[in-house]
Amino acid sequence: MALDQALKPQAGRPPRLVEAMRYATLGGGKRLRPAVCMLGTRTLGRDPRRAVMPAAALEMVHAYSLVHDDLPCMDDGQERRGKPSTHVAFGEGMAVLAGDGLLTEAFGLVVNAPLPDSVRVRCVATLAKAAGMSGMVGGQALDIDPDLELKTVDDIEVLHSAKTGSMFECAAELGAVIADADDWQVQALWAYGSSLGSLFQVTDDLLDWDDDRKDAGEDGGSASPNLVSRIGPLGAHERAQRLYDQAVESLKDLDGTAELEALAALVLRRRA
Ligand code: GRG
């Protein structure tokens, strides 16, 4: 498995750091972003194995974001994927470094993927944009900025689209780029990833929306704004269905899209 291989203990790699990076990345997680990437490549008629290393890189960037998001200076999450979060298991300093290591090694993985130079360069640029300040990190910055009041549905959607949506858009776009797709195909997959990312976030908010949160106030005491508190559970379910329809509609000019449609249906109906 590419992730296991990328994170192998080796001479020169401090064992405890490798252990923390493996802990954060292996043995859990739905692997949604790599699935989107590899299915994107296959949908466009290429061997999905071409996408293995960029797909593993997407998961490493995702794992890093979860490690850092769980830190006491962010969400202070004590558990992740049913286990103590990385800083609880390894200490804060090691968790920061594990996240840093995952982000850095992810780019190394893309650069070393057995793909044409032009494809690798485009993958690096796309991943950097999605993970960086106009993507996931930017979204997280909006989320923690005490001077920003994110009250309206539009505000929350801007935040979600950057923080969560960017990595789904990136996954789908990488799938197309790796398949040497035409521009219109890249655009179609990007649009699919965009709707899928929003759908994922709505279902995430629905899953988070339990009685404890309602009791604790508008966002249930969470640092992060929840869409369900603004539009209600029914509104959120309707929105999820609309986003699913939109994701499927984005694929209408492509052939062989059953797997991507099934993945969107899985996200629509997910319970975890
Ligand atoms: C700290 C740089 C930095 C970024 C944090 C993505 C993110 C930005 C924070 C994660 C916080 C969070 C729980 C957001 C909700 C959406 C989300 C990304 C959920 C976790 O993704 P899944 O369900 O996770 O795909 P698994 O465990 O299945 O991989």
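Order of appearance sets the numbers: ligands from 1, and atoms from 1 within every ligand.
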Do any N or O atoms from the side chain of Thr257 and from the backbone of Leu260 form a donor-acceptor pair under 3.5 angstrom?
no
Return the closest protein heavy atom for atom 9 (C) of ligand 1 as residue, atom name and distance.
Asp69 CG, 3.5 Å
What protein heavy atom sits nearest atom 17 (C) of ligand 1, and how far off is it?
Phe200 CE2, 3.7 Å
Mind checking whether Ser65 has an N or O less than 3.5 Å away from an N or O of ligand 1?
no
If you draw the axis of the six-membered ring of Tyr23, does the NZ or CZ of Arg81 fall within 45° of it and under 6.0 Å from the ring centre?
no
As a check for students: among Arg81, Arg31, Arg270, identify the option with a heavy atom nearest to atom 29 (O) of ligand 1.
Arg81
Taking distance alone, with no angle check, do Arg33 and ligand 1 share an N/O pair under 3.5 Å?
yes
Taking the side chain as every heavy atom from C-beta outward, state whether Thr203 and Leu199 have any pair of such atoms under 4.5 Å apart.
yes
Once you restrict to heavy atoms under 4.0 Å, what part of Leu66 touches ligand 1? Side chain, backbone, both or neither.
side chain
May I ask you to identify the nearest protein heavy atom to atom 2 (C) of ligand 1, giving residue, atom name and distance to one decimal place in Å?
Tyr64 OH, 3.3 Å
Does Arg269 make a cation-pi contact with Tyr244, if we ask for NZ or CZ under 6.0 Å from the ring centre and within 45° of the axis?
no
Among all protein heavy atoms, pick the one closest to atom 14 (C) of ligand 1 and tell me residue, atom and distance.
Lys163 CE, 4.0 Å
Taking atom types as modelled, is there a side-chain donor on Asn226 or Ser229 under 3.5 Å from an acceptor on the other?
no
With rounding to the nearest 0.5 angstrom, report the CG to CZ distance, Asn112 to Phe107.
13.5 Å
Protein heavy-atom partner closest to atom 24 (O) of ligand 1 - residue, atom, separation in Å
His62 NE2, 3.3 Å
What protein heavy atom sits nearest atom 23 (O) of ligand 1, and how far away is it?
Lys30 NZ, 2.5 Å
Would you kindly say whether Asp183 and Gln185 are connected by a side-chain donor-acceptor distance under 3.5 Å?
no
Arg270 bridged to Asp204 by N-O distance under 4.0 Å:
yes
So, is Gln140 polar-close to ligand 1, with some N/O to N/O distance under 3.5 Å?
no
Which of the numbered atoms in ligand 1 are below 4.0 angstrom from a heavy atom of Gly29?
26 (P), 27 (O), 28 (O), 29 (O)
Test item: Leu71 and Asp76 side chains (from C-beta on) under 4.5 Å apart, heavy atoms
no
shortest atom 15 (C) of ligand 1-to-protein heavy-atom contact is with Asp204 OD2, 3.2 Å
